[in-house]
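Worksheet for the structure shown next.
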Amino acid sequence: MRNKNKMLKEYISGKALVAISSPRSPMAEVYRTLRTNLGFVGMEHPFRTVLVTSSSPQDGKSVIISNLAVVTAQAGHKVILVDCDLRKPVQHEIFQLPNNKGFTNCIVNKIDPKQAVNDTNVSNLKLLTSGPIPPNPTEILNSERTRLLWTSLMSDYDYIFIDSPPVLAVTDACILASQVDATLLVVQSGVTRTDPARQVQEQLVKANANLIGVVLNKVKMDTSNYYQYY
């Protein structure tokens with residue numbers, strides 16, 4: 001509960017977006033390194049739709065994908081961040097934006113995504129929040145309308161970053177992972193155990209996900225008060 005309250009305070013205060021609040025910090029630089037490494041891995045076939053997930057809720061996936069989206073937009077690319085965690089969405093809290101309409105409205109009510117996206121205080125970066133939490137998240141994410149949404153967004157954006165629920169909690173992440181170009185798995189240093197991490201990997205592989213790498217989160221650096229996120 002203490003860790004959850006701490007994260008909520010960071011969301012509300014805006015401290016979670018270090019790529020904005022502290023662009024010259026070691027943490028922000030690590031996000032730029034992660035962005036660069038994604039480019040190297042996808043050099044022959046660029047990854048335009050990237051999903052970030054984790055094994056457990058406290059691993060920090062939402063903070064990582066939000067900062068990754070920021071630094072990618074800062075590099076001059078047109079980026080949209082989509083919150084597909086339809087259980088416990090937090091991207092609207094991280095960016096301090098309303099969540100009265102978003103992804104679920106586009107799928108359920110057939111709203112044009114252009115009418116549902118939010119501007120952020122970062123040039124080139126748009127946010128499509130989760131929208132109202134539905135009673136049937138899995139069915140919505142596994143629908144043809146969701147698959148068609150990615151194709152539609154690709155005509156307007158260079159990169160689509162998708163936040164999803166943890167893999168071991170529900171099947172949502174595996175469903176989404178089969179729809180995108182690449183999947184990143186976030187694990188927490190000193191917390192995520194080997195067996196659950198392997199279980200996550202196996203589930204993603206079975207779902208035909210293109211698991212391109214792992215982000216080791218919350219590794220305390222010896223020479224700084226910051227936490228290294230990669």
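What you see is a predicted model; the values in this text were computed from it and never measured.
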Main-chain N/O of Gln115 paired to Lys101 side chain as donor or acceptor, under 3.5 Å: yes

Spacing of SG belonging to Cys174 relative to CD belonging to Glu202, to within rounding of 0.5 Å: 11.5 Å

Contact check, side chains of Val122 and Ile20, non-hydrogen atoms, under 4.5 Å: yes

Pairing residues for Thr53 by the side chain to side chain donor-acceptor pair (under 3.5 Å) criterion, not counting sequence neighbours: Ser164

Which atom of Ala177 lies closest to which atom of Ala209, heavy atoms considered: CB-CB, 3.5 Å

Least distance between heavy atoms, Arg24 atom then Arg32 atom: CA-NH2, 4.4 Å

N/O donor-acceptor pair under 3.5 Å between Thr129 side chain and Asp83 backbone: no

Side chain Asn99, main chain Gly131, donor-acceptor under 3.5 Å: yes

Side-chain heavy-atom pair Val170, Thr138 within 4.5 angstrom cut-off: no

Which atom of Arg48 lies closest to which atom of Asp181, heavy atoms considered: N-OD2, 2.9 Å

Minimum side-chain heavy-atom gap Lys88-Pro165 below 4.5 Å: no

Leu185 CG to Ser55 OG distance, which is reported to the nearest 0.5 Å: 6.5 Å

Value rounded to 0.5 Å, distance of CG in Leu81 from NZ in Lys126: 13.5 Å

Shortest non-hydrogen contact from Gln201 toward Leu211: CG-CD2, 4.0 Å

Partner of Leu68 by side chain to side chain contact (heavy atoms under 4.5 Å, CB included), out of Val79, Val215, Leu38: Leu38

Side chain to side chain contact (heavy atoms under 4.5 Å, CB included) between Val90 and Asp85, intermediate numbers included: CA-CA 8 Å; Val90 297; Asp85 190 337; over 6 Å; no

Qualifying residues under side chain to side chain donor-acceptor pair (under 3.5 Å), relative to Arg147, sequence neighbours excluded: Asn142

Interatomic spacing from OG in Ser178 to CG in Leu204 - rounded to 0.5 Å: 10.5 Å

Full working for side chain to side chain donor-acceptor pair (under 3.5 Å) between Ser130 and Arg87: CA-CA 9 Å; Ser130 68; Arg87 316 280 177 163; over 6 Å; no

Flag side-chain contact, heavy atom, 4.5 Å: Phe161 against Leu184: no

Ile80: hydrophobic cluster co-members (side-chain, 4.5 Å): Leu51, Val82, Leu86, Phe103, Ile107, Val108, Val117, Leu128, Ile140, Leu141, Leu149, Trp150, Leu153, Met154, Tyr157, Ile160, Ile162, Ile175, Leu176, Val180

Considering all heavy atoms, the nearest Ala28-Pro23 contact: CB-O, 3.4 Å

Carboxylate-amine/guanidinium proximity below 4.0 Å for Asp156 and Lys78: no

Distance (rounded to the nearest 0.5 Å) between Ser152 OG and Lys114 NZ: 7.5 Å

Non-hydrogen atoms of Leu17 and Ser66 that approach each other most closely: CD2-OG, 3.6 Å

Cluster link Ile212 to Tyr31, ILVMFWY, side chain under 4.5 Å: yes

Main-chain N/O of Lys61 paired with Asp59 side-chain donor or acceptor, under 3.5 Å: no

Polar side-chain atom of Thr104 near backbone of Pro132 as donor-acceptor pair, under 3.5 Å: yes

Test item: His92 and Asn118 side chains (from C-beta on) under 4.5 Å apart, heavy atoms: no

Distance (rounded to the nearest 0.5 Å) between Gln91 CD and Thr120 OG1: 11.0 Å

